[in-house]
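Scroll down for the structure; my scribbles are underneath it.
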Amino acid sequence: MKRYDPSSIEPKWQKQWDEDGVYVARDKGKKEKKYVLIEFPYPSGEGLHMGHLRPYVAGDVMSRFLRMRGHEVMYPMGWDAFGLPAENYAIKKGIHPRVTTAKNIENAKRQVKSWGIGFDWSREVNTTDPGYYKWTQWLFLQFFKAGLAYEATGSINWCPKDKTGLANEEVIGGKCDRCGTEVVQKEVRQWYLKITEYADELIDGLKDLDWPESVKVQQENWIGRSEGALIDFQIQDTKYKIQVFTTRPDTLFGATYMVIAPEHPLLENKELRIENRGEVDAYVAKAKAKTEEERITEGKEKTGVELKGIKAVNPANGKMIPVFVADYVLGGYGTGAIMAVPAHDERDFAFAKKFGLPVIDVISGGEPGELWEGAGDLINSGKFTGMSSEEAKKAITDFVHGKMKKQYRLRDWVFSRQRYWGEPIPLIHCEKCGVVPVPDDELPVRLPEVEKYEPTGTGESPLAAIESWVNTKCPQCGGEAKRETNTMPQWAGSSWYYLRYTDPKNAKEFAAMDKMKYWLPVDMYFGGIEHTTLHLLYSRFWHLFLHDQKLVPTPEPYARRVTHGIILGPDGEKMSKSRGNVVNPDEIVKEFGADALRMYELFLGPHEAMVSWNSQGILGVSRFLDRLWNFILSGEGEGNNEEAARVVDRAVKKVTEDIENIKFNTAISSLMICLNAVEGKPAADAFKEKLLKMIAPFAPHVAEELWHETGHKNSIHLEKWPEYDEELIKEAEISVVVQVNGKYRGTITAPTGLDQKDATVLALRLQNVSAALDGKTPKKTIYIKDRLINFVA
RNA sequence: GCCCGGGUGGCGGAAUGGUAUACGCGAGGGACUUAAAAUCCCUUGAUCGCAAGGUCAUGUGGGUUCGAUCCCCACCCCGGGCACCA
């Protein structure tokens, strides 16, 4: 008998599957389609690691399972290849990013193939391919034409190391998501996509999606919708007003002062007679210069300066109240100004205490003069006194002629980068015509060759230095014009790649509608939690927009989202080179084979949980595969014993349900239980076949090899998933737990379906039970058929 | 501070109202071997007991229930997200 040797069978089958096109998905087939997706990787010089392996294997198990269940399955792969590392490497070595990217792709492809991932390579895409980014540019122009892409100069997040603007979503804890450098605020001309226009749809669409609740909540919180009112406060003896946004218009009578942000336009108004102008200007300058870090370290200690000589009028009661400038009010949210109600807002309370401002209770519920942020009935509120806060919100807003308003935390998406290795934004600046889109037939605007890749740091991209490229003709008037030199962020290409997979070679459209209609939406999207407020939010926004434009057939892109926990090193810490705890999947393949690697990774723990790699644990699955090999190839085994059939059928039921519910760890444990039970006994070929088919999604190579060794000609991965016999798996006899007062006292073995009377008789015969009852008759008996009988004495 | 997860043997974990600790790793003992590896068999939550069996254990304290790892309340700890968003 041959020995199980992964290194001799795995490459053989990988090659064979490729040649036979086992994983190629057919468009518009008769079968019901399933579209399984993983987040396509950035092809880095480091190669792919465990963090990639986990979702790819999960998606692979799922697609193989679904294919065997009779679906037309698409499981495609591609490369998100624009981005900083390749560009930084080019800066250091002078090698074009295209060259390093191609090399890295080749290596990553070798890796995923060696893991036995059944991707459909006929649909491979690469975001840096002009045939691909042509459509990224075209799609951007649809936003532009719809008025959802706009240019503005404003204070934005800027990474001083990468020398480029960043989107809000790319700033993690005040630091650049890419390099960890402290982000600063800088005034730069940028292109924005108006994602805020879709804030409501982005929230409302979530409710019908089969996504993890935590991911939905996180997106919802990021968008941060709150409902409140806009209310105007007149500035005494002037024509000017300060408008505020508040979610608590019911507390208006308690507004004892106002605060405006340091960025508020009122401070630029020279007509206002601010008596302490110098002091105010100094405060504003200092506040604006603060970095994120300084603001955090200062904590919640309130600072501010009163605008002397200025008073505002509380529209509810006509009282004159002071106006402050303070940096606890943010310029970028709401109107950049607030009414301060110290009795009912923690921050206003702290500020009022520090500056000795009056605290007036207007909502009942708290201690007098103390903070109370809850709801209650109104007090000290004129004719509204006695009303509930909920009712008063609208009533008071109406009374002061305010209007209800929804407000969001979400900011528009800073969409331009001052870097080389990205899609050029396909716009032309003409002095006469303004900003003009590049005509469709001139797309793609190709990324030109440059001498120097370095970011300039001036707010211009390196492309600005190439005059021959920048200078062009206006498509509208034919006059002298200049190209936009900013490039798109990395998130552009990934915002629509799942659409391109449905029709990757189309030269006329980004994808044909009939193909999208067949394949969309993505049925199952495997990925990490880290993209919740990045890629996942961005691509939903693109999709919602494209749906409104009638360019895609479904309202949402991803029907079901499955997230995974990260794999920690053997020491329980995050894998990192500096810590020296990185487990390299390629080395595991070399030592144990891809099948063992895949199975062990799945067996480690629940897919969504954070788990640590245990270097010795893989021996368990390695032994399992070895025993499986021997079991399948040993013995002629015609012993058609019913017990074996029952054991295997039970496994079929459990494994099927577990795969459907993404519980791969318990599915594998059921397979182990099954093998443990049948091993060493004669078993009919039919049981062996069932077992092999169940193993096939998890360990595709060994299953295929054994399938062929046992006389089959076609790939096991195109076989039908096994079924089980509902009657057979029922137990004929069952052990019923006997308890006295809820405590275990023994079991009785009886035929299934025993009624209470017979069970009682059998149970009372147990010595342990009569001892526990101590001669008493049970007051009550609880009987759950085939499970338990409990005497309450 | 607010919002999500989570806390079970030596370790990864299983079980979400009904015998807690499946499966795997590790450990101990044995078989085979000149020996070792590999493989196979047995034992393995703690504790008392010769045994039968008992008692105690799912972060802590309460509650609901015939019965709670599971449901409810309060608290502690760990991980993640947001963070002066009015």
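Chain identifiers are assigned alphabetically (A, B, ...) following the order of the sequence lines, protein sequences preceding nucleic acid strands; residue numbering begins at 1 within each chain.
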**OP:** Report the residues that fulfil side-chain contact (heavy atoms from CB on, under 4.5 Å) with A:Glu220, sequence neighbours left out, ordered by chain and then residue number.
**Re:** A:Ile203, A:Leu206
**OP:** Please check the phosphate of B:G81 (OP1 and OP2 only) for any side-chain N or O of A:Lys216 closer than 4.0 Å.
**Re:** no
I'd like a list of close polar pairs between nucleotides 61-72 of chain B and the protein, N/O only, cut-off under 3.5 Å.
from: B:C66; atom 1: OP1; to: A:Lys780; atom 2: NZ; distance (Å): 3.4
from: B:C66; atom 1: O2; to: A:Asn790; atom 2: ND2; distance (Å): 2.2

Original post:
Under 4.0 Å between a side-chain N/O of A:Arg745 and OP1 or OP2 of B:G54, yes or no?
Top reply: yes
Original post:
Which sits closer to the 5' end of RNA chain B, A:Arg787 or A:Gly620, going by the nucleotide each is nearest to?
Top reply: A:Arg787
**OP:** Among B:C84, B:C23, B:C25, find the nucleotide with the atom closest to the side chain of A:Asp327.
**Re:** B:C84
Original post:
With under 30° as parallel and over 60° as perpendicular, where do the rings of A:Phe355 and A:Phe351 fit, or are they tilted in between?
Top reply: parallel
Subject >> Chi-angle category of B:G26 [syn within 90° of 0, anti beyond] >> reply: anti
Subject >> A:Asn665 side-chain N/O to B:A14 phosphate OP1/OP2 under 4.0 Å >> reply: yes
Original post:
Is the shortest heavy-atom distance from the side chain of A:Arg765 to the side chain of A:Leu762 under 4.5 Å?
Top reply: yes
**OP:** Decide yes or no for A:Glu170 and A:Trp491: does some side-chain heavy atom of the first lie under 4.5 Å from some side-chain heavy atom of the second?
**Re:** yes
Subject >> Paired nucleotide for B:C82 [Watson-Crick or G-U wobble; both distances under 3.5 Å] >> reply: B:G1
**OP:** Would you please confirm or rule out a distance under 4.0 Å between OP1 or OP2 of B:G24 and any side-chain N or O of A:Asn676?
**Re:** yes
**OP:** Side-chain contact test, heavy atoms from C-beta onward, threshold under 4.5 Å: evaluate it for A:Leu764 versus A:Val769 and give yes or no.
**Re:** yes
**OP:** Remember a base hit wins even if backbone is also touched, and classify A:Val217 as base, sugar-phosphate or nothing at under 4.0 Å, heavy atoms.
**Re:** sugar-phosphate
Original post:
Which base sits across from B:A38 as a Watson-Crick or G-U pair, both distances under 3.5 Å?
Top reply: none
Original post:
When you compare B:C4 with B:A38, how far apart are their P atoms, in angstrom units rounded to a whole number?
Top reply: 49 Å
Original post:
When you check the phosphate oxygens OP1 and OP2 of B:G81, does a side-chain N or O of A:Thr532 lie under 4.0 Å from one of them?
Top reply: no
Original post:
Pick the nucleotide of RNA chain B nearest each of A:Asp345 and A:Lys654; which residue has the one closer to the 5' end?
Top reply: A:Lys654
**OP:** Ignoring backbone atoms, test whether A:Arg623 places a side-chain nitrogen or oxygen under 4.0 Å from the OP1 or OP2 oxygen of B:U39.
**Re:** yes
Original post:
Is the shortest side-chain N/O distance from A:Tyr333 to OP1 or OP2 of B:A86 below 4.0 Å?
Top reply: yes
Subject >> Distance, rounded to the nearest Å, where A:Ile567 contributes CD1 and B:G13 contributes P >> reply: 12 Å
Original post:
Can you tell me how far P of B:A38 sits from CG of A:Asp5, to the nearest Å?
Top reply: 18 Å
Original post:
On a whole-Å scale, what distance lies between the C1' atoms belonging to B:C75 and B:A27?
Top reply: 37 Å
**OP:** Return the value, rounded to whole Å, for the distance between atom CG of A:Leu619 and atom C1' of B:A37.
**Re:** 13 Å
